[in-house]
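Data first, discussion second: the structure below is written as structure tokens.
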Amino acid sequence: MQKTLFIIKPDAVKRHLVGQVIDRIERRGFTIERMEMLTLDLERLKKHYAQLVDKPFFSSITNYMMSGPAIIGILSGPGVIKSWRDMMGATNPGEAAPGTIRGDFATAPDEHGIQNIVHGSDSEESAAREIELWFGK
Ligand code: UDP
Ligand code: MG
């Protein structure tokens with residue numbers, strides 16, 4: 001059984017979209033193994049997004065991710081890593097297909113940058129690394 005890390009980002013919490021995102025997870029048939037609400041910390045975000053730390057816009061990503069409480073958790077189910085990514089849609093919501101979470105609940109970036117509702121691990125390696133980072137062994 002595969003596991004993946006998911007985050008319902010602060011924009012979605014502020015916009016009261018948590019229930020609609022969780023509804024999609026449950027409707028699809030995935031199991032929520034862990035879930036909590038917390039304001040993400042810079043130290044772990046730097047590790048979480050290690051591949052983006054050197055980008056000029058990294059501080060805007062961390063400001064966004066720490067702009068309020070987020071929901072973070074672990075999903076399990078057959079093929080959940082790719083299926084959850086497919087449910088999320090493209091990183092830039094302006095390019096995300098209708099029917100995906102990003103394509104249904106977010107717009108192309110404005111002066112605040114990309115605000116795209118959800119996170120999901122992108123591979124088995126990322127999932128294992130991210131689950132250990134946020135929830136321990
Ligand atoms: N991000 C951004 N601008 C970019 C690339 C990424 O604001 O040009 C942010 C955005 O919140 C994105 C996150 O950094 O979801 C992680 O980027 P990644 O390329 O891993 O996209 P994802 O896996 O979330 O689709
Ligand atoms: Mg990613």
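Note that ligands are numbered from 1 as they come in the structure, with each ligand's atoms numbered from 1 the same way.
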I'd like the atom pairs linking ligand 1 to the protein - N or O on both sides, separation under 3.5 Å - with distances to 0.1 Å.
from: ligand 1; atom 1: 11 (O); to: K9; atom 2: NZ; distance (Å): 3.2
from: ligand 1; atom 1: 15 (O); to: K9; atom 2: NZ; distance (Å): 3.0
from: ligand 1; atom 1: 15 (O); to: N116; atom 2: ND2; distance (Å): 2.8
from: ligand 1; atom 1: 21 (O); to: T91; atom 2: OG1; distance (Å): 3.2
from: ligand 1; atom 1: 23 (O); to: R85; atom 2: NH1; distance (Å): 2.7
from: ligand 1; atom 1: 23 (O); to: R85; atom 2: NH2; distance (Å): 3.4
from: ligand 1; atom 1: 24 (O); to: R102; atom 2: NH2; distance (Å): 3.1
from: ligand 1; atom 1: 25 (O); to: T91; atom 2: OG1; distance (Å): 2.5
from: ligand 1; atom 1: 25 (O); to: R102; atom 2: NH1; distance (Å): 3.1

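Under 4.0 Å is where a charged nitrogen must lie from a carboxylate oxygen, and between K82 and D86 at least one such pair does. A salt bridge is defined here as a Lys NZ or Arg NE, NH1 or NH2 lying under 4.0 Å from an Asp or Glu carboxylate O, and R44 with D41 meets this definition.
A donor-acceptor contact closer than 3.5 angstrom is absent between the side chains of S59 and T62.
Looking at R102, its side chain does come within 3.5 Å of a backbone N or O of V118 through a donor-acceptor pair.
Other residues, nucleotides and ligands place more than 12 heavy atoms under 6.0 Å from the NZ atom of K14.
For the atom pair CG (D122) and OG1 (T91), the distance works out to 9.5 Å, reported to the nearest 0.5 Å.
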